[in-house]
Amino acid sequence: MASYDFREIEKKWQASWKQHANYKTPENFDRPKFYALDMFPYPSGAGLHVGHPLGYIAGDIVSRFKRLKGFNVLHPMGYDAFGLPAEQYAIQTGQHPAVTTEENIKRYREQLDRIGFSFDWSREIRTCDPSYYKWTQWIFVQLFNSWYNRETDKAENISGLISKFEISGCNDDLNQFTAAEWKNFSEKEQSDILLNYRLAFLSEAMVNWCPALGTVLANDEVKDGVSERGGYPVERKLMTQWSLRISAYADRLLKGLDTLDWSDSLKESQRNWIGKSEGSSLFFKNPESKIELEVFTTRPDTVFGVSFLAIAPEHPLLNDLCIGNERDQALAYSEKARNRSERERQAEVKNITGAFTGSYVKHPFTNEDIPVWVADYVLGGYGTGAVMAVPGHDSRDYAFARHFNLPILEVVAGGDLSIEAYEAKTGQLINSSFLDGLEVKDAIKKAIEAIEQKGLGKGKTNFRLRDAVFGRQRYWGEPIPVYYENGVPKCVAESDLPVILPEIDKYLPTETGEPPLARAKDWTYNNHPLELTTMPGWAGSSWYFMRYMDPHNETAFASKENLNYWQNIDLYIGGSEHATGHLLYFRFWTKFLYDMGHVPFDEPAKKLINQGMIQGVSSLIHRINNTNKFVSAGLKGEYETTAIHIDIKLVTNNNQVDIEALKQWRPSEFENAEFILENGILICDSEVGKMSKRWHNVVNPDDVCDNYGADTLRLYEMFLGPLQDAKPWSTQGIEGVLRFLRKLWRLFHNNPEESFVLSDEEPSKAEYKTLHKTIKKATEDIENFSFNTSVSAFMVCINELQDLKCNKRKILEPLLIILSPYAPHIAEELWSLCGHNTSINNAEWPAFNGEYLIENEFNYPISFNGKVRFNLNFALDMDPKAMETEILANEQTSKYLEGKAPKKVIVVKGKIVNIVI
RNA sequence: GCCCAGGUGGUGGAAUCGGUAGACACGCAGGACUUAAAAUCCUGUGGCUUCACGGCUGUGCGGGUUCAAGUCCCGCCCUGGGUACCA
C-alpha cells in the first residue's frame, strides 16, 4: 500500500474490532474503573448529522485514553427509544412505533459504526425494551411505596408512615386525625390520605395540557407557552394526574450541586430552576368572617408598607372572599383569568388586571383594614397563592397600585417612590414602628422574630421547583404499573412486572377522550382496570446509566456487586439543553434509590461536560417578489426580494451557486427561472442556525467519512474549537487535517517506492524532545478536555519530525499510541505495519520523560524597564546574583544601565525577563 | 428585568501562575517540481512605517494596580445562552 487509503484502512479495522470484540468491557474488577457515558440519543427518522457525534468523539477519546492508562473502562451506548415523534408518525401512517423505532436505530447504528467508536455494544440498551422498562416500572413501584421523612431527611418505606398513623395519628399541615380515626377510615379514605405523602402520587392539579399533542407536559417540556416538541400551544387544565414528588428533594438537589464538577452555568440553571427563597409566612385575619389568609414573603421587613393583599384567581378561599357588590365582578374576573392559556397569559404580562373582592383583613401589626384583591399576577401554584402587596418596594405591586390607585407607602429609605418602587435590599427602615432605623438585613431578622413571637406566622423556605407530572395520555411509553381496585390505586406485584405495552388498533385517543391505552383489549390486572396513561420520555433516561453496569440482569436492575464496582459516572457528556429536565430527574432518581439502599452513591455523575451545538450554515438565494427571477446577493438592494433556503450542496465555499445543479434539485421551481448574475455568477447569502432538514443545511457524517475518512472527521470535529462552544459547521480547514494524516503516513513511507520503512536507529535528542513535548501536551489536554489544542500539538509534532526526516521506531510507536484515541484507524494500521500482532488498544500510554525538555542554555529577550528588549544567554542553573553580575558585565546591558546596579532582576522560571534600575 | 458565559488578525482559534500576544489550521500572495493539471514541498502573511536593520502600534471601550495586563480590579458597550409576574 503506497498512499494513505483511509477507506480501505477504516473498513478493515472496523471489521477487525467487531470480530475480536476489542471494546468489550472486561468482566473482572481487578483494575481501577472509569465510567465514561454519552447521553444516549433519541433515534429520530432524520438520522445523525455532524453535530451529534461531537460529544461522542470526545467521550471516545477519553475512553481510549483511559484504557491505555490501564483503567477498566465502561463506555456503552443505547437508545432513548420511547417518545413523541415515533408516535406522531404512527398516527399519520398507521406504522407501529416499534417498527419505525427499530428502523431508525438500525440507521443510527450504521452511522455510528462508521466513525469508529469504542462502544461496548454488548451492553446496548433501549428504553422501549420490556426487559429494560420492567425496571423502570419497578422503580416507579418503589416511588409509590415511599414517602419523604422530613425528620430523617430521606425517603422511607410508606409502611413506616402507616404504622405511625396507626400508633399516633397525624397532625401536620395537610392532615389532622387521631390513631383511632385512622383505623376507622375506609380503604379509599386511607389511600387518599397516603397519596399526599407517596413519592409517586395521584392528585388533582393544574397541568400543562397540549391539545394538539393530546397530552399533558411537565414544566420543563413547555417553553414560552408552547410545547418544546412541535411548538403547539399549551393550556392550563385541572386534571387528575400521576406526579413524582421531586419537590421533596429540592433542598438536597440544591446542596448536591456544590459537590459536582459541572459547569457553572449549568449548575446556575439548576439553582434557578429549584429557586430556593427564604422568608416568612404571615397570616392576615378577619375576626368577623373568620377568614385567615396566609401569605409568603421574602421581605417581612416591609410589612408596614402593606397596602393591600392580592390572591391568585385559583385561590381556594376565593368564593368566601368575594362578597357584596363586588362579588359577581370579582368571580367573573377570576373565572376568565383562570381559563387563559399559558401563551395568552405570558403575552399579557404587561397588562395589569385585577378586581377587588369586597373583603378586608386586619393588618397583623397595625390592625388596619387591608383590602383583598384578586390579581392574575399572583400564581396559584407558588407559595400560598396570596401575597402581601408592598407597592413601595416591589415593582409588580407598584404597577398594580398605580393602576388601581391604591396607596404606596415608603418603609425603606433610599428610593424615589414617585418614579418607581425601591426594591434594593439596602437602606434604613422608616414608618415601621419597632423596625425603624434598622438596616434591611437586620429588619428582616427582627420582623421574623416578631412574627413568630406573636404567633402570626413563621420563618419559611419556599422552592420554585414543582412536582413533576408523570402521566402522559400517549401510547408509546412505559405503561404505569398501577391498577384500580374499587377506585383505590394499587401497584402491580413486582413478580408480575413488566406490564407489557399492549397492541392497539389506532394510536389515537378514544372517541370519549380517553388515552390510547383504553383501546387495548383486556387491559386489566386480576380483573381490575389498569392505568391508562404512560410514563413520560424522561422516565427511562432517569436511571439508564445504572443498567449499563449489568444490562442483562433478570433479578435486579443491576447487581450490588456491579453497582459497587462501577459507582457513578466519571465523565458524562451531553447537551446543556437537558439542564432542567433529564439532568435534574436523574439526580432525583439516584438520590431516591440511594435513600432506599439500592445504590451506593447519591449523585449520578461526578463530572459533566456540555458539548456545544454544531450549527448549520444555510444558504439563501433571493427571488424578486412576484416573479420567477433570482438575483445575486450583491444586487438584491435594487429589488424587492424574498430569501429562499436552498440545499447547501448546491453552493461552493465562497457562496457561489451552481445554477445547473439548482435546476436539477427542484425543476418545478427553478427549471424556467431567470437569474440576474454579478460578474457572471450567482452569489447567495449565508445564515448560521440550527441544523435542520427544513433549512436544507444538514451535513451527514457519512458524507464526511466518504470524502475525508472517519479519522479526519474525528480530528476535525475536535480541532474546530473548544468542545463546549457552539460553532457553525464549515468544511474550510478539514483539508488541513487530512493533510496532517497524510504527512504522518509519509513519515513511514518516505522513499521513492513509497514502501513501509521503519528504522531501529537510536533517535536524536531533538527527536526525543519533539516526542516528549507531544506526550506531555496530549496527556494534559485529555485530562483538561482541551482536545483542540492537542490536535494542534500533533500537527506541530509531525511537522517537526518531517523536517527531521524521522522514521524511527522509538519515536513513531509512542506517537501512534497517543494519537490512537483521536485517529484509531490509521494508528491501528501503522501499528500493525510496525509488526505488532495485537491491537494498539492493548498498548500502554507512554511515560513522559521531562529530561528531554531541559535545555542547558537559553536565549531570551530581556526587557529593560519594561521597554527596550535585547537578548542575553545564561546557563539555566546560574543563581540570580551571578546573573546580575553577568548582566553588568555585558556590554549591551551596561550601556543601558549606564553602569548602575540593577534595582531588581525579575526572574521567571529561572529566566530573567526584566531588569529594573 | 435577573442570572451565567464570552468579546484576540481576512477566518476558526492558541496563549497552565500576570512574563516574547496571534501557536496550529484555513484563506491569500509568491516560488519549486510538472508539457500541463492535481498532489506535494518551500517562503511570506495583525496594522502603520522603513530599500533594509529596525521603529511605532495592537487582544470591545474608558480608567486603575504592577517592573510587566488578553489575563487582576472598577465603570461602560456589545454578543450568545438560561430564566421570567416565583412575592
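The chains referred to below are lettered A, B, ... by the order of the sequence lines, with proteins before strands, and numbering in each begins at 1.
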Start with the C-alpha distance between A/Phe794 and A/Tyr822, add both sets of side-chain angles, then the distance that settles ring-ring contact (aromatic ring centres under 6.0 Å, His included), and finish with yes or no. CA-CA 10 Å; A/Phe794 288 128; A/Tyr822 290 83; 5.4 Å; yes

Can any side-chain N or O of A/Ser307 pair as donor or acceptor with the backbone N or O of A/Pro407 at less than 3.5 Å? yes

Using the C1' atom on both, measure B/rU11 against B/rC4 and round to a whole Å. 28 Å

Just how far, in rounded Å, is P of B/rC85 from CZ of A/Arg338? 19 Å

Can you run down the salt bridge (charged side-chain N to carboxylate O under 4.0 Å, His left out) pairs that involve residues 731-748 of chain A, sequence neighbours left out, and say none if there aren't any? none

B/rA87 phosphate, OP1 or OP2: any side-chain N/O from A/Tyr377 under 4.0 angstrom? no

Would you classify A/Leu720 as touching base, sugar-phosphate or nothing, given that sugar-phosphate means primed atoms plus P, OP1 and OP2, and contacts are heavy atoms under 4.0 Å? sugar-phosphate

Starting at the 5' end of RNA chain B, which residue's closest nucleotide do you reach first, A/Asp803 or A/Asn351? A/Asp803

State whether the side chain of A/Ser247 and the backbone N or O of A/Arg466 hold a donor-acceptor pair below 3.5 Å, judged by distance alone. no

Any N/O pairs under 3.5 Å between the protein and nucleotides 80-83 of chain B? List them or say none.
from, atom 1, to, atom 2, distance (Å)
B/rG82, O2', A/Ser269, OG, 3.4

Distance between the C1' atoms of B/rG60 and B/rG80, in whole angstroms? 15 Å

Is it the case that the side chain of A/His393 and the backbone of A/Val412 share a donor-acceptor pair, with hydrogens and angles ignored and the cut-off at 3.5 Å? yes

Regarding the side chain of A/Gln802, the nearest nucleotide among B/rC42, B/rA87, B/rU16 is B/rC42

Measure the acute angle between the ring planes of A/Tyr4 and A/Trp745, then classify it against the limits of 30° and 60° as parallel, tilted or perpendicular. tilted

Report which part of the nucleic acid A/Arg746 touches: base, sugar-phosphate, or nothing (heavy-atom distance under 4.0 Å, all strands). sugar-phosphate

Euclidean distance for C1', B/rA32 against B/rC67 (whole angstrom): 48 Å

Look only at the side chain of A/Thr357 and the backbone of A/Val372, and say whether a donor-acceptor pair between them is shorter than 3.5 Å. yes

Rounded to the nearest Å, what distance is computed from the CD atom of residue A/Gln724 to the P atom of nucleotide B/rG13? 13 Å

Report the secondary structure of RNA chain B in dot-bracket form, marking unpaired bases with a dot and bases paired to a different strand with |, and treating Watson-Crick or G-U pairs with both distances under 3.5 Å as paired. (((((((..(((......[....)))((((((.......))))))((((....))))..(((((..]....))))))))))))....

In this structure, how many angstroms lie between the P atom of B/rA39 and the CG atom of A/Asp5, rounded? 18 Å

Do A/Asn784 and A/Thr789 have side chains that approach each other closer than 4.5 Å (heavy atoms only, starting at C-beta)? no

Syn or anti for B/rC74 (syn when the glycosidic angle lies within 90° of 0): anti

Shortest non-hydrogen contact from A/Met388 to A/Val303? CE-CA, 3.8 Å

Would you say A/Arg742 places a side-chain N or O within less than 4.0 Å of OP1 or OP2 belonging to B/rU40? yes

Starting at the 5' end of RNA chain B, which residue's closest nucleotide do you reach first, A/Glu268 or A/Asp725? A/Glu268

Keeping to residues at least two apart or across chains, list the salt bridge (charged side-chain N to carboxylate O under 4.0 Å, His left out) pairs with something in residues 373-383 of chain A. A/Arg340-A/Asp376

Taking CG from A/Leu747 and C1' from B/rU40, how many angstroms apart are they, rounded to a whole number? 14 Å

In whole Å, what separates the C1' atom of B/rC73 from that of B/rA23? 29 Å

Taking atom P of B/rG13 as reference, at what distance in whole Å does atom OH of A/Tyr716 sit? 10 Å

Within this structure, what is the CG-CG distance for the pair A/Leu321 and A/Leu309, rounded to the nearest 0.5 Å? 9.5 Å

Base, sugar-phosphate or nothing for A/Glu780? Non-hydrogen atoms, less than 4.0 Å. base

Roughly how many Å apart are B/rG62 and B/rU71, using the P atom of each and rounding to a whole number? 13 Å

For B/rG9, decide between syn and anti, treating a glycosidic angle within 90° of 0 as syn. syn

Atom-pair distance (CD on A/Glu278; P on B/rA87), nearest Å: 11 Å

A/Ile798 has an atom CD1; how far is it from atom P of B/rC41, in whole Å? 12 Å

Euclidean distance, atom CD of residue A/Gln615 to atom C1' of B/rG12 [Å, nearest integer]: 13 Å

Output one line per pair: protein atom, nucleotide atom from nucleotides 23-28 of chain B, and distance, for all N/O pairs under 3.5 Å.
from, atom 1, to, atom 2, distance (Å)
B/rA23, N1, A/Ser792, OG, 3.4
B/rA25, OP1, A/Asn799, ND2, 3.1
B/rC26, OP1, A/Arg739, NH1, 2.5

Looking only at non-hydrogen atoms, find the nearest pair between A/Ser618 and A/Ile648 and report the distance. CA-CG2, 4.0 Å

CD (A/Glu314) and CZ (A/Arg338) are apart, to the nearest 0.5 Å, by 7.0 Å

Measuring only the P atom in each nucleotide, how far is B/rC72 from B/rU83? A whole number of Å is fine. 28 Å

Using a cutoff of under 3.5 Å, can you pull out all pairs of nitrogen or oxygen atoms linking the protein to nucleotides 72-79 of chain B, with atom names and distances?
none

Hey, does A/Pro722 reach any base, or is it just sugar-phosphate, or nothing, if we go heavy atoms under 4.0 Å? sugar-phosphate

Provide the distance between the two P atoms, one in B/rU8 and one in B/rG44, to the nearest whole Å. 27 Å

For B/rU59 and B/rA14, measure between their C1' atoms and round to the nearest Å. 13 Å

Run A/Phe308 and A/Phe400 through ring-ring contact (aromatic ring centres under 6.0 Å, His included) and show every step you take. CA-CA 10 Å; A/Phe308 63 98; A/Phe400 194 85; 5.3 Å; yes

Can you find a side-chain donor-acceptor pair between A/Thr384 and A/Glu294 that sits under 3.5 Å? no

Say whether A/Ser277 and A/Asn462, considering side chains only, have a donor N or O and an acceptor N or O under 3.5 Å apart. no

